[in-house]
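In what follows, chains are A, B, ... by sequence order, proteins preceding strands, each numbered from 1. What you see is a predicted model, and the numbers here were worked out from it, not measured in a lab.
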2 protein chains.
Amino acid sequence: MPSRIPEKIEKEIEEKGGLEKLIAAIPGKERIESYAKIFSALGDPTRLRILCFLAKQRSCVCLIREIVNLSYSKLSYHLSVMKNANLISGEKMGNYIIYEVTSLGRKYASEICGGD
Amino acid sequence: MPSRIPEKIEKEIEEKGGLEKLIAAIPGKERIESYAKIFSALGDPTRLRILCFLAKQRSCVCLIREIVNLSYSKLSYHLSVMKNANLISGEKMGNYIIYEVTSLGRKYASEICGGD
DNA sequence: GCAGTATTTCAAATTATCTTTGAATATTGC
DNA sequence: GCAATATTCAAAGATAATTTGAAATACTGC
């Protein structure tokens with residue numbers, strides 16, 4: 001199927017059982033897109049700071065807001081991105097919503113946030 | 001510094017040594033931005049497919065192009081994003097440029113791409 | 001050095017993401 | 001039920017990422 005590629009590379013491919021086999025090993029659309037969504041959500045400095053803070057301490061929106069110094073609506077947007085990627089979850093506690101990291105969020109936090 | 005937060009949360013913070021301590025544990029700008037860059041680069045389905053393929057087999061641009069079915073210039077753009085994030089590297093081989101995953105790229109590939 | 005192939009680069013157009021402002025919803029305490 | 005607080009939502013605008021198509025670069029073989 002491919003046109004012309006360097007011999008050296010072609011040889012390597014043959015040794016691995018051929019191109020078809022390599023192509024077949026690429027994950028399907030669903031898996032790829034689910035990871036892409038997670039990494040997109042992680043790909044923003046503000047959201048990483050929020051993740052690192054929440055990994056140490058669950059918190060209401062009002063406190064996160066003070067720490068990352070954002071407007072409520074901006075923060076709310078970023079929290080929704082993280083929530084949709086299943087990095088954090090929120091639950092009501094009286095008048096407040098308390099956000100905390102999910103186990104997925106914790107996994108990435110432990111890689112990114114160091115310390116602890 | 002914060003206004004009013006739920007008692008329960010306030011208590012948890014005190015038990016951890018206070019808010020200042022938690023804030024101090026958030027990584028600095030440089031570390032945060034460097035991770036954000038990597039995750040942004042990973043946050044795209046096309047680039048994840050390329051990463052998974054290259055993790056199994058280094059390859060010239062022309063072959064990658066056949067596999068992900070993109071125009072040269074589009075592919076070149078995505079390769080440059082991945083290269084800037086230090087997920088892949090390219091070296092000349094005759095008339096070709098052979099791309100391969102870096103050790104950082106391999107680390108994420110092993111998480112994302114499964115199989116092998 | 002010329003023709004051909006592989007790859008990148010550039011600028012313009014398109015699309016997606018983020019920000020802003022203001023209003024909406026939900027809960028609490030009176 | 002009303003006022004106050006916490007939080008989200010929606011629409012418009014701003015910014016950033018991606019796509020497109022054409023032209024530029026770099027290497028190979030003659």
Side-chain angles (χ1 to χ4, degrees), chain A residues 1-10 32-33 36-50 54 58-85 87-100, chain B residues 1-10 32-33 36-50 54 58-85 87-100:
Chain A
M1 201 133 288
S3 46
R4 180 169 293 290
I5 66 172
E7 283 182 53
K8 218 170 173 177
I9 302 299
E10 193 144 32
I32 288 284
E33 283 177 358
K37 188 171 186 176
I38 295 165
F39 290 126
S40 290
L42 290 169
D44 175 275
T46 292
R47 293 195 288 262
L48 290 186
R49 279 189 202 100
I50 295 169
L54 290 180
R58 67 185 181 145
S59 167
C60 59
V61 179
C62 53
L63 180 55
I64 304 171
R65 196 190 80 79
E66 306 252 9
I67 284 158
V68 296
N69 197 36
L70 295 179
S71 69
Y72 268 109
S73 70
K74 203 195 260 196
L75 175 54
S76 193
Y77 167 74
H78 286 295
L79 291 174
S80 79
V81 172
M82 297 173 79
K83 199 170 144 192
N84 286 332
L87 293 168
I88 62 174
S89 66
E91 79 172 305
K92 285 220 159 157
M93 181 169 163
N95 202 6
Y96 300 89
I97 298 174
I98 306 297
Y99 280 97
E100 64 185 334
Chain B
M1 204 138 282
S3 46
R4 181 169 293 290
I5 65 173
E7 282 183 53
K8 217 167 169 179
I9 302 299
E10 192 144 33
I32 287 285
E33 283 177 357
K37 187 172 186 174
I38 294 165
F39 289 125
S40 290
L42 290 169
D44 175 274
T46 293
R47 293 195 289 263
L48 289 185
R49 280 190 200 100
I50 295 170
L54 290 180
R58 65 183 183 149
S59 167
C60 60
V61 179
C62 53
L63 179 55
I64 304 172
R65 195 189 79 80
E66 306 251 9
I67 285 159
V68 296
N69 197 38
L70 294 179
S71 70
Y72 268 110
S73 69
K74 202 195 260 196
L75 175 54
S76 194
Y77 166 74
H78 286 294
L79 291 173
S80 80
V81 171
M82 297 173 79
K83 199 170 145 193
N84 286 332
L87 292 168
I88 62 175
S89 67
E91 80 173 305
K92 285 219 160 158
M93 180 170 163
N95 202 8
Y96 299 88
I97 298 175
I98 306 297
Y99 280 95
E100 64 184 333

Spacing between [X] atom [atom1] and [N] atom [atom2], to the nearest angstrom:
X	N	atom1	atom2	answer
A/Glu66	D/dT7	CD	P	11 Å
B/Ile64	C/dT8	CD1	C1'	14 Å
B/Tyr96	C/dG4	OH	P	16 Å
B/Glu7	D/dA6	CD	P	14 Å
B/Ile98	C/dT5	CD1	C1'	14 Å
B/Tyr99	C/dA6	OH	P	15 Å
A/Asn95	D/dA6	CG	C1'	5 Å
B/Met93	D/dA26	CE	C1'	17 Å

Backbone of B/Tyr99 reached by a side-chain donor or acceptor of B/Arg58 within 3.5 Å: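 Such a contact is absent between B/Arg58 side chain and B/Tyr99 backbone.
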Heavy-atom donor-acceptor pair, A/Arg47 side chain to A/Ser40 backbone, under 3.5 Å: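 Checking the backbone N and O of A/Ser40 against the side chain of A/Arg47, a donor-acceptor pair under 3.5 Å is found.
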Closest contact, heavy atoms only, B/Lys37 versus B/Ala85: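 Taking B/Lys37 first and B/Ala85 second, the nearest heavy atoms are O-CB, 4.0 Å.
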Nearest non-hydrogen partners of B/Cys62 and A/Ile5, listed with the distance: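 The answer is SG-CG2, 4.0 Å.
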A/Lys92 side-chain N/O to C/dT27 phosphate OP1/OP2 under 4.0 Å: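 The answer is yes; a side-chain N or O of A/Lys92 sits under 4.0 Å from OP1 or OP2.
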Any A/Arg47 side-chain N or O less than 4.0 Å from OP1/OP2 of C/dC18: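 For C/dC18, OP1 or OP2 has a side-chain N or O of A/Arg47 closer than 4.0 Å.
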Side-chain touch B/Ile9/A/Cys60, heavy atoms, less than 4.5 angstrom: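 No - every pair of side-chain heavy atoms lies 4.5 Å or more apart.
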Validation row: B/His78, B/Arg49 side chains within 4.5 angstrom (heavy atoms):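 No, too far: nothing below the 4.5 Å cut-off.
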Those residues of residues 68-82 of chain A lying under 4.0 Å from DNA chain D by at least one heavy atom: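 Under 4.0 Å from DNA chain D: A/Tyr72, A/Ser73, A/Ser76.
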